Number of protein chains: 2
Amino acid sequence: MKAGPDISRIAALVGDPARCNMLTALMTGRALTASELAQEAGITPQTASSHLAKLEAGGLIEPEKQGRHRYYRLSDPDVADVLEGLQGIAARAGHMRVRTGPKDPALRRARICYDHLAGDLGVQMLDSMKRQKLVRQSKQAIELTGEGKRFMAEELQIDADALTHPRRPVCKACLDWSERRHHLAGTLGAAMMDRFTALKWAARDATPGSRVVNFSRNGEKRFAALFGAGE
Amino acid sequence: MKAGPDISRIAALVGDPARCNMLTALMTGRALTASELAQEAGITPQTASSHLAKLEAGGLIEPEKQGRHRYYRLSDPDVADVLEGLQGIAARAGHMRVRTGPKDPALRRARICYDHLAGDLGVQMLDSMKRQKLVRQSKQAIELTGEGKRFMAEELQIDADALTHPRRPVCKACLDWSERRHHLAGTLGAAMMDRFTALKWAARDATPGSRVVNFSRNGEKRFAALFGAGE
DNA sequence: TTCATAGTTCGATGATAGCCGAAGCATCGC
DNA sequence: GCGATGCTTCGGCTATCATCGAACTATGAA
């Protein structure tokens with residue numbers, strides 16, 4: 001009856017709680033084995049195998065065989081974007097899960113969104129970058145300025161010209177579900193997060209499956225010096 | 001079990017084909033009635049009612065009651081964004097569908113909504129009236145200004161004070177079916193349509209049951225002079 | 001070769017949820 | 001008032017699909 005691709009098949013894949021748990025577990029950007037995903041979803045390996053086959057057929061995840069293990073990862077950053085968007089809608093509708101642990105405030109402050117920084121600090125960073133005219137935002141597109149390229153090279157040792165990718169933009173606005181504002185995604189967003197990790201300013205929480213990012217005391221200071229809120 | 005909003009509930013809502021058809025129909029931005037959405041999805045009104053209740057509970061759509069109709073629209077632009085993202089993923093996975101046909105252009109331009117003018121020209125008229133400060137709109141209530149009363153008396157020979165009615169407001173915002181914006185209902189809306197007919201600016205189409213309104217050449221000119229778009 | 005681990009396929013089961021017919025409210029037009 | 005229309009609720013039918021036990025394949029280690 002309608003034009004356009006068949007959304008409902010894809011959405012139905014995400015609509016199952018077990019599959020959804022697997023997908024959110026993959027949002028950290030890391031690839032996980034079938035068994036790990038089964039445990040993450042709280043189901044038996046047989047059931048997980050069936051789910052993973054469906055997710056793969058739907059183009060949401062991609063397998064990588066390695067010995068007798070099978071690693072799965074999200075097939076595309078767009079998938080992570082859609083999941084983030086769904087989180088935003090779910091949060092607004094007040095459909096939170098019952099388990100609300102001590103991680104919650106930390107999750108709001110700084111977390112991994114696929115492979116880049118999200119949460120309060122992520123939003124603050126993009127805001128500051130716009131104030132410093134390192135990036136220019138028009139509509140949903142974000143562009144790195146000449147000033148921005150210099151900044152990346154001098155302050156963070158990131159070569160912006162090396163970040164171009166065939167299917168992924170260098171800069172992209174990604175809607176934050178806890179804040180309702182944008183943070184920086186794209187290859188630059190990923191490269192900056194990598195750099196923060198390499199500099200030991202921040203590290204992903206050790207808990208498996210956790211999306212929390214912990215900043216060191218020194219890291220927080222250096223981060224604030226570059227992207228402080230009061231800039 | 002993870003912290004964070006419950007994505008799967010929301011995704012499951014989109015995951016049903018019938019509900020998904022309704023949502024994509026609403027992606028134009030227009031608000032549609034429950035019956036229209038039922039037809040759009042190819043299901044009976046009973047089933048549609050159940051689906052719409054679920055979508056509303058999930059925060060994906062918002063109702064607007066209007067007489068015996070119930071108009072639904074997407075509750076937030078973010079919802080449309082997520083649907084678009086899903087389309088992208090589905091397109092990449094190769095799940096496509098077929099095409100559909102348009103609607104009657106004359107009906108979209110000018111038609112009768114109960115007893116007042118609706119369609120493109122109806123929306124244009126209310127817009128112009130607001131620009132000329134003939135009416136003041138706060139929320140859904142519309143009020144005729146002193147300037148507006150003078151205008152009605154001088155230009156259209158309508159005595160606004162005579163329009164008060166025990167059970168019906170003088171001015172009311174009525175959601176338009178083809179446009180997604182408001183046009184003017186209430187006793188004033190009806191009186192103005194009556195006046196247009198009496199002045200032979202416009203007439204209802206002769207076809208029995210038709211809701212189309214045909215403007216004469218002269219009528220269109222006079223109408224534009226009072227409520228022109230470029231005002 | 002033999003055993004252990006990772007992952008899959010198959011079949012049966014059970015619960016969820018979509019669907020419609022019939023009947024019930026609410027609103028509009030006369 | 002009356003009937004017509006838009007929408008909802010209720011009850012029962014049916015199909016789909018997630019789930020797991022058991023058995024099977026594939027890789028790696030001893």
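To find a chain, count down the sequence lines: A is the first, B the second, and so on, and within it residues start at 1. Because the structure is a prediction, the values reported are computed rather than measured.
Less than 4.0 Å separates DNA chain C from at least one heavy atom of each of the following residues of residues 44-56 of chain B: T44(B), Q46(B), T47(B), H51(B), K54(B).
Out of dT19(D), dG6(D), dC19(C), the shortest distance to the side chain of A18(B) is found at dC19(C). Here the nucleotide nearest the side chain of R19(A), chosen from dA18(D), dG6(D), dC19(C), is dA18(D).
Straight-line distance from the CZ atom of R9(B) to the C1' atom of dA17(C): 14 Å, rounded to whole Å. Taking atom CG of residue D16(A) and atom P of nucleotide dA15(C), one finds them 17 Å apart after rounding to whole Å. Atoms CD1 (I43(A)) and P (dC20(D)) sit 7 Å apart, rounded to a whole Å. When rounded to the nearest whole Å, the span between CD of E64(A) and C1' of dT27(D) equals 17 Å. Between L32(A) atom CG and dA6(C) atom P the separation is 15 Å, expressed in whole Å. The distance from atom NZ of K65(B) to atom P of dA26(C) is 8 Å, rounded to the nearest whole Å. Separating the CG atom of L13(B) from the P atom of dA17(C) is a distance of 10 Å, rounded to the nearest angstrom. In this structure, M22(B) places its CE atom 12 Å from C1' of dC19(C), rounding to the nearest Å.
The closest donor-acceptor contact from the side chain of S216(A) to the backbone of A202(A) lies at 3.5 Å or more, if one exists at all. With hydrogens and angles disregarded, no donor-acceptor distance shorter than 3.5 Å links the side chain of D76(B) to the backbone of V79(B). Using a distance-only test at 3.5 Å, with no hydrogens or angles considered, a donor-acceptor pair links the side chain of T145(B) to the main chain of K133(B).
A salt bridge is defined here as a Lys NZ or Arg NE, NH1 or NH2 lying under 4.0 Å from an Asp or Glu carboxylate O, and E62(B) with R73(B) fails to meet this definition. Checked for salt-bridge contact, E220(B) and R109(B) meet the test: a charged N lies under 4.0 Å from a carboxylate O. For the pair K149(B) and D159(B), the salt-bridge criterion is not met [side-chain N within less than 4.0 Å of a carboxylate O].
Y72(A) comes within 4.0 angstrom of sugar-phosphate atoms only, judged by non-hydrogen atoms across all strands, and of no base.
Checking the phosphate oxygens (OP1, OP2) of dG29(C), no side-chain nitrogen or oxygen of R68(B) falls inside 4.0 Å. Between R70(A) and dT8(C) there is a side-chain N or O to OP1 or OP2 distance below 4.0 Å.
For W201(B) and F196(B), the gap between ring centers is short of 6.0 Å.
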